[in-house]
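Order of the sequence lines fixes the chain letters, A, B, ..., with proteins taken first and strands second; residue numbering starts at 1 for each chain.
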Protein chains: 2
Amino acid sequence: MATIGAVAKQAGVSIASVSRVINGTAARADTERRVRAAIQDLGYQPNSAARALKVRQSEQICLSFDDLSNPAYVLMTRGVGQALSSSKYRLILSSAFSSVEEIVKHLETMGRGFADGLIISPIYADARITTLISQLKMPVVLVGTMPEGLDVDNVYVNSAAGVDLAIDHLIEIGRKRIALINGPVTTNPGRRRKAAFEKALKKNKLAFSDASIIQADAFSTQAGFEAVTNIKELKKFDAIICANDQLAAGVMKFCVDNEIDIPSDIALIGIDNIELASLLRPTLTSVDLRAEERGQIAANLMLNRLANPDRPSKQIEVQPRLVIRQSTVAS
Amino acid sequence: MATIGAVAKQAGVSIASVSRVINGTAARADTERRVRAAIQDLGYQPNSAARALKVRQSEQICLSFDDLSNPAYVLMTRGVGQALSSSKYRLILSSAFSSVEEIVKHLETMGRGFADGLIISPIYADARITTLISQLKMPVVLVGTMPEGLDVDNVYVNSAAGVDLAIDHLIEIGRKRIALINGPVTTNPGRRRKAAFEKALKKNKLAFSDASIIQADAFSTQAGFEAVTNIKELKKFDAIICANDQLAAGVMKFCVDNEIDIPSDIALIGIDNIELASLLRPTLTSVDLRAEERGQIAANLMLNRLANPDRPSKQIEVQPRLVIRQSTVAS
DNA sequence: TTGTACGCGTTATCAG
DNA sequence: CTGATAACGCGTACAA
């Protein structure tokens, strides 16, 4: 591999001059020409490790979340990747954490300096994670609900407003007996959806009991199917909100199998509005949480922070939007 | 940030000793204890840039493909990520290339040494890409059809066998007038599917004309919908194979809208067997191309190559498998 | 077993 | 505007 020294020799100038040409500092036209020719000649590429060691920047940004099998995170990754692609930064992906310990271990390796910034969307609420993040010596952008006592750049979606949108819509179409099929309450989204759901029902003076919330084991299709299977009296409800679209897909599968008509017997609403929602039959009404957009915003917050390390932290709220389809309003 | 020097001072030993302890070379028990204590004390983490500069390894592997919005690539990414998570290597993601030029540019940056290996799944067949790959000074694993004149580790799926599986199945259920809705023939998968389809029809002495192959603009749901819309005489066919599941989803949407019954009027088969296939109604028969498994294999090939740079290159063929669902056999 | 000293490829400072 | 040279943090001959 050609080094900067080889280029210098070939061009008949000093190493310093080559460096200047590369980094755009002034140089005589003739010098620049010869250096560029030599670079071309040797196919020189600056070594990123040496550069990183010297300037203390890796030009890499790390994106961390728990599970790439969730399409909402894929959307987020796309958003981040897109925003980063027009910058000098590369994207490092850290995914598939199966436990808090793994996240902790990963967070500790951040001290090695292989990334200039961390965009993280932790699904579990754990004090260790919060502490570790706050001790990180690098810029952090948090995607999701900000834990108590943390002050970093943050983009989050007003998910309570999303639940409100869903419930208002259900009320409009005359539904009053509404259930929530929730994901695990050990997760942040699970907890928040539950709280928002309770609050919204009470606000609208709708029937609410413990039976109104069914806990699924995961945010997956399979879990949705199992959760709805376990409901003793499905007839008690005339509408179901699911904590994400995959859960809703599982519910829909169950309904088709058991000849329960959607939406006439039961109206169904999902959350996330992934592509799947428009492909199911009936198509699925869903609350769009704008994951791709949040990813873009997160990446731009990071780029902005990197360019401007001292600005105060920013919190950006993204508004959900309801996409009405056949699962609530027959076409 | 604590450096190795700080640790050495704190432990009262030389930096060489600290380095030895970290890298597992022999040291007196007492020395090791003091070094470890100092490391703990200072929260020392070795600087990865300095390490990379010295040992000429970045401990990073780059995964490149064209579009993260294709769930098949997400599966592949999961496979790679999973195989890498138990290694010391980090995963760098490069996606969303919109043109050959972008890929070329990306390939050129590989010379900077920020990655120890490249796993690449190029969708476009372009001589420049092949040339560039062959000139790369680092291990490369190619996922997909190997272009002429390249000799690198490779994992590919026998997609012709996949098309055969689909056609054999259709023949078994009595279909004879089969169409292919293909993706762009500017892509490798598009070209291969087309060739395999023609060959399989002829082998089975089934009717084939230019009208049997309908070109979609992309591998997307929308493109599938549009492609089927453009077929003049849909009744001519009693079965459709789609180049991927998303195209098939678009076709299914069209059929539902136009009251064409699947499978009685038209049998439908997709390719990839992404989760979507089991969620559509009717559920979609699909040829599983084992993307996640290919990702795992690719990553393992890479790890193995990195550990053993001089072994001859390996080509691994993955066999597709047909997953029969309601779109060909009503339940 | 331990310590000293050098070099990895860059950037940045400072004299010319 | 240019060139020599000192870091950056780490690994490792080589000497002790």
Decide, yes or no, whether a salt bridge links A:D153 with A:R305 under the criterion of side-chain N to carboxylate O below 4.0 Å. yes

What I want to find out is whether B:E32 reaches B:R36 closely enough, with some N-O distance under 4.0 Å, to be called a salt bridge. yes

Gap between atoms [atom1] and [atom2], on [X] and [N] respectively (whole Å):
{"X": "B:R112", "N": "C:dT10", "atom1": "CZ", "atom2": "C1'", "result": "13 Å"}
{"X": "A:I15", "N": "D:dA4", "atom1": "CD1", "atom2": "P", "result": "9 Å"}
{"X": "B:K9", "N": "D:dG9", "atom1": "NZ", "atom2": "P", "result": "13 Å"}
{"X": "B:I39", "N": "D:dC10", "atom1": "CD1", "atom2": "C1'", "result": "13 Å"}
{"X": "A:F114", "N": "D:dG9", "atom1": "CZ", "atom2": "C1'", "result": "17 Å"}
{"X": "A:D30", "N": "D:dC1", "atom1": "CG", "atom2": "C1'", "result": "12 Å"}
{"X": "B:L42", "N": "D:dG9", "atom1": "CG", "atom2": "P", "result": "14 Å"}
{"X": "B:N47", "N": "C:dT10", "atom1": "CG", "atom2": "P", "result": "17 Å"}

To the closest 0.5 Å, what do you measure between OG (A:S94) and CG (B:L91)? 8.0 Å

Can you find a side chain N or O atom of [X] that sits less than 4.0 Å from OP1 or OP2 on [N]?
{"X": "A:R56", "N": "C:dT11", "result": "no"}
{"X": "A:N23", "N": "C:dT11", "result": "yes"}
{"X": "A:R51", "N": "C:dT11", "result": "yes"}
{"X": "B:S14", "N": "C:dG3", "result": "yes"}

Could you say whether B:R20 or B:P46 is positioned toward the 5' end of DNA chain D, judged by the nucleotide with the nearest heavy atom to each? B:P46

For DNA chain D, whose closest nucleotide is more 5', that of B:S17 or that of B:L53? B:L53

Is there a side chain to side chain contact (heavy atoms under 4.5 Å, CB included) between A:Y44 and A:I22 once you walk through the steps? CA-CA 11 Å; A:Y44 167 74; A:I22 292 170; 3.5 Å; yes

Out of [options], which has the shortest distance to the side chain of [X]?
{"X": "A:T31", "options": "D:dC10, D:dT2, C:dG3", "value": "D:dT2"}
{"X": "A:S19", "options": "C:dT11, D:dG9, D:dA4", "value": "C:dT11"}
{"X": "B:R28", "options": "C:dT11, C:dT1, D:dG11", "value": "C:dT1"}
{"X": "A:A50", "options": "C:dA12, D:dG9, C:dG9", "value": "C:dG9"}

Identify the two heavy atoms, one from B:S64 and one from B:F97, that lie closest to each other, and give their separation to 0.1 Å. CB-CE1, 4.1 Å

Given the structure, check if the side chain of B:K54 and the base of C:dG7 hold any donor-acceptor pair shorter than 3.5 Å. yes

